Amino acid sequence: TQEKLPHGTLKTQLRGLTPRPPIPRYMSSRAPRRRLPSAFPVLDGAFQPIHNHVFEENARNSQVCLKRYMELKKKVLNGGGVNAIAHHTQKNKKVLVRDRLRMLLDDEDYLELSPFAGFGLPYGDIPSAGCITGIGKINGLWCVFIANDATVKGGTAYPITVKKQLRAQEVSMQNRLPCVYLVDSGGAFLPLQSDIFPDKNHGGRIFYNEAVMSAVKIPQVALVCGSCTAGGAYVPTLAEEVVIVHSIGTIFLAGPPLVKAATGEEVIPEDLGGATLHSEVSGCVDHFAAVESEGYECTRNIISTLNFELPEENTTEVEEPLYSAEELMGLAPKSYNYSMDVRLIVCRLTDGSQLQEFKARYGTTLLTGFARIEGHQVGIVANNGELTYEASLKGSHFVQLCDQRDIPLIFLQNTAPQPVHTLSQAEMNTNRLKAQGSMMSAVACASTPKITVVIGGCHGGDSYAMCGRAFDPNFLFLWPNARVSILAPGHADALVQEERETVHINELKKESTAFFSSGRLWDDGVILPQDTRKVLGKCLKIIKQQEYQLSKEKPKSQLFRL
Ligand code: COA
């Protein structure tokens with residue numbers, strides 16, 4: 001029949017010509033794709049009796065860490081406290097930030113970034129650093145969100161708030177994710193102005209980033225659902241499309257109290273920079289929403305106009321690991337001395353507990369190999385002892401291999417304390433230094449996505465080769481047991497002999513906890529070991545989305561070149 005003939009056959013036959021074979025459309029983004037089949041070896045994840053005491057000690061430590069994690073989580077959910085919540089909802093008639101996210105996002109399955117940022121800072125505890133950031137789906141599209149929490153000092157920007165917003169923008173840029181701002185902020189927290197205003201990575205950088213993100217076609221939408229005062233006013237004005245909510249949304253460079261002080265005029269916020277003024281007179285905003293719920297509906301509609309073409313939901317079932325993720329609590333090392341073979345961890349993260357090891361017999365203190373996590377092919381690089389000369393060379397080789405094949409890299413970091421070398425070991429030590437330098441170079445220059453999970457120690461130079469924060473991984477998470485410091489606390493004891501130095505060692509212990517790190521935004525959050533696979537799977541999906549954006553950066557137009 002006519003339907004059975006290859007495309008174009010009938011027309012060609014009618015013209016009396018020999019039909020050409022149909023052109024295969026393998027390159028089309030619409031064509032169904034097929035993965036190459038794999039049968040990677042299954043790792044043995046069973047515990048031996050010899051592991052028992054280490055497992056128990058780690059599990060005990062993990063329980064202590066979990067308790068701290070839950071305490072902080074509770075504090076985070078409490079925002080700026082009971083009084084501030086009442087002020088926000090009853091006096092100001094605004095919706096709480098987490099309820100706002102419920103209205104904005106498709107579901108609650110979002111990835112929150114650094115929820116513990118802001119805790120334990122020299123200037124106090126700033127819950128969630130005064131703004132919630134993360135990645136969630138809007139009409140099926142993963143978007144970064146940056147949402148001020150006005151229950152924390154009127155949503156004002158502390159230095160840590162600025163840092164958190166900049167990191168969220170960086171995540172948006174690095175992974176080409178649209179960015180949605182829910183703005184409700186009194187601008188800079190004035191008592192700390194010198195740490196917010198003047199420097200390169202201070203407040204102004206947020207606006208600079210907005211301009212650059214627009215230029216490289218990363219869509220940005222702002223919803224004004226509160227105050228946008230002074231610097232805060234530039235967030236919506238630099239976004240590409242803006243919605244404002246009537247009676248609660250305002251945008252101005254100086255609020256009514258300043259107007260009164262400067263000119264003696266009494267003016268109400270609505271007249272000075274409210275929704276009617278900005279949507280009818282100044283044109284600063286593009287959409288007027290009568291109530292908050294309408295604002296979220298409008299924002300969601302704007303997102304659906306972005307030029308993305310997402311693939312059908314993948315319904316193929318992924319193979320779960322053969323071993324329980326709960327057991328990771330007993331594998332998360334209390335200290336380096338309580339580390340077990342890292343394969344026991346890897347086989348609790350990968351699909352079917354499978355791993356195709358690379359150079360299994362060489363440089364055995366680093367594990368490298370290919371696996372799948374929730375169906376995504378990845379290259380795994382995991383510390384399994386000292387980063388020796390051989391291990392570093394192997395690491396460089398494997399990282400370059402993944403880069404060449406465009407396979408995302410997962411680093412499982414647990415650095416060993418640096419041994420003190422004698423003079424006779426000088427040559428070995430310098431060779432190792434050189435090889436570690438090569439690995440750092442390979443990691444820094446690899447353009448494939450990278451995700452780092454610190455499962456134990458993050459210390460010294462080894463942490464750079466294992467894609468620490470300075471090496472720009474797309475995401476970096478810590479397990480609650482993780483330790484982050486230039487020297488491992490136990491190892492520093494040996495170097496510092498003076499009694500008075502014990503103060504410094506105690507400080508080092510305190511400053512190296514995962515929660516201390518996360519409070520300062522040296523990472524993207526503390527995650528529980530048993531959630532690692534889920535978080536990695538989500539990150540891999542998020543990173544992949546950029547392949548489906550149709551409106552890509554264009555080369556300069558011919559006209560412009562002329
Ligand atoms: N710097 C430091 N603290 C600020 C602040 C700022 N820019 N803006 C507000 N705060 C504090 C208030 O002092 C108050 O602190 P308290 O709870 O300890 O009393 C808290 O934030 C909440 O402010 P409040 O005015 O009670 O809440 P509100 O919901 O009625 O109003 C604002 C919130 C942001 C609209 C209002 O406080 C305001 O207009 N602030 C000034 C904004 C400004 O001029 N910024 C310029 C920055 S360059």
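Owing to the predicted nature of the structure, the values given are computational and were not obtained by experimental measurement. In listed order, ligands and their atoms are each counted from 1.
- For the side-chain contact (heavy atoms from CB on, under 4.5 Å) with E71, the qualifying choice from K75, K67, K74 is K67, the only one to do so.
- Looking at every heavy atom in both residues, R176 comes nearest to S551 through NH2-O, 4.5 Å.
- For E112, the salt bridge (Lys or Arg N to Asp or Glu O under 4.0 Å) partners two or more places apart in sequence, or in a different chain, are R98.
- Residues that satisfy the side-chain hydrogen bond (donor to acceptor under 3.5 Å, both in side chains) test with D149, not counting sequence neighbours, are T151.
- In this structure D271 satisfies the salt bridge (Lys or Arg N to Asp or Glu O under 4.0 Å) test with no other residue, sequence neighbours excluded.
- Contact shell of ligand 1 (protein heavy atoms, cutoff 4.0 Å): H87, K91, N92, K153, G154, T156, G186, A188, F189, L190, P191, S227, T229, A230.
- Proximity of a side-chain donor or acceptor of N148 to a complementary backbone N or O of C131 within less than 3.5 Å is not detected.
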